[in-house]
Amino acid sequence: LIILILSIGFSNCLLGQSAIWKYGNPGSSESGTVIITSSSNEIYIGGIKNDSCLLFKTDINGTVLWKNTFKLSAGVNMINSLQFTTDGFLIGTAQTVGASPWGSMAYFKFDTNGNLIWIKKISSAHYIRNLVEKTTSTYLSTIVYWDNTFATNHNFVNVEIDASNGNII
């Protein structure tokens, strides 16, 4: 059950006005992990539904406009980050926990109608927490991976990603 509490932040709300909306059903495990708003006051929430990643959109009144779930691999899948691109897409990162020693990591792109454009899994990564827009044609991310051959045990790489297909450049 997701309970969303919003206060202020929207141009058509009165100062000091608050809203509480409940999402989900008893017996269904749903949790929000990240929330963003659009310039047109739509709300996008990423999180977990049962064992899958959850992404949904509501209007300013909390009415669900669409919901989408996707699964990276066995285990609990969750969205870590969401961001709008300047050309109107949603990009973000997701992870699986509990499936293996490190789980799976991924980054993705959706349109604002909930249609998946692409999703890319990174099996050797252990952390990918954010995806940011560099230009309308490229994104950037930092990927952390474990390397037991060094005393520090983990290292990171910055990667540039093609916005059209999600491939690392």
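Computed from a predicted structure; not experimentally measured.
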### Query
Would Ile168 end up clustered with Ile119 when hydrophobic side chains under 4.5 Å apart are linked, directly or stepwise?
no
### Query
Hey, any chance Ile36 and Phe89 share a hydrophobic cluster, counting ILVMFWY side chains that come within less than 4.5 Å of each other, even indirectly?
no
### Task
For Gln83 and Glu133, work out which heavy atoms get closest and say how close.
NE2-N, 3.6 Å
### Message
Under a 3.5 Å distance rule, please check whether Asn77 uses its side chain to pair with a backbone N or O of Leu72 as donor and acceptor.
### Response
yes
### Message
How long is the straight-line distance from OG of Ser38 back to CG of Leu90, given to the nearest 0.5 Å?
### Response
9.0 Å
### Task
Indicate whether the side chain of Thr63 and that of Asn61 have a donor and an acceptor atom separated by less than 3.5 Å.
no
#### Entry: Heavy-atom side-chain proximity of Thr69 to Asn50 below 4.5 angstrom
no
### Task
Identify which one of Phe70, Tyr107, Phe108 satisfies the ring pair (Phe, Tyr, Trp, His ring centres under 6.0 Å) criterion when paired with Trp118.
Tyr107
#### Entry: Interatomic spacing from CG in Asn167 to CG in Asp162 - rounded to 0.5 Å
6.5 Å
### Query
Counting distance only, does the side-chain N/O of Lys57 pair as donor-acceptor with the main-chain N or O of Thr112 below 3.5 Å?
yes
#### Entry: Polar side-chain atom of Thr37 near backbone of Glu42 as donor-acceptor pair, under 3.5 Å
no
### Query
For the ring pair Tyr44 and Phe84, is the centre-to-centre distance below 6.0 Å?
yes
## Note on the structure
Nearest heavy-atom contact between Ser141 and Ile161 is CB-CD1, 4.2 Å
### Message
If I take atom CG from residue Leu116 and atom CG from residue Leu55, how far apart are they, to the nearest 0.5 angstrom?
### Response
10.0 Å
#### Entry: Residue pair Ile79 / Leu54: nearest heavy atoms and the distance that separates them
CD1-O, 3.1 Å
### Query
If you look at every heavy atom in Asn165 and Lys120, which pair is closest and at what distance?
O-CE, 2.9 Å
### Same apolar cluster (I L V M F W Y, side chains within < 4.5 Å links), Val159/Met105
yes
### Task
May I ask you to establish whether Lys67 and Phe56 are in a cation-pi arrangement, using a distance under 6.0 Å from NZ or CZ to the six-membered ring centre and at most 45° from the ring axis?
yes
### Task
Look at the rings of Trp66 and Phe110 and say which category their plane angle falls in: under 30° parallel, 30 to 60° tilted, over 60° perpendicular.
parallel
#### Entry: Donor-acceptor pair between Thr93 and Ser81 side chains, under 3.5 angstrom
yes
### Donor-acceptor pair, side chain of Lys109 and main chain of Ala163, under 3.5 angstrom
yes
#### Entry: Where Asp87 and Thr136 come nearest, the two heavy atoms and their spacing
OD2-O, 4.0 Å
### Query
Are any of the side-chain heavy atoms of Asn158 and Leu140 separated by less than 4.5 Å?
no
### Message
If you compare all heavy atoms of Ala94 against all heavy atoms of Asn80, which two are closest, and at what distance to 0.1 Å?
### Response
C-ND2, 3.9 Å
### Rounded distance (nearest 0.5 Å) linking atom CG of Asn130 with atom CG of Leu82
10.0 Å
### Query
Out of curiosity, Asn41 CG to Ile43 CD1, how far, rounded to the nearest 0.5 Å?
8.0 Å
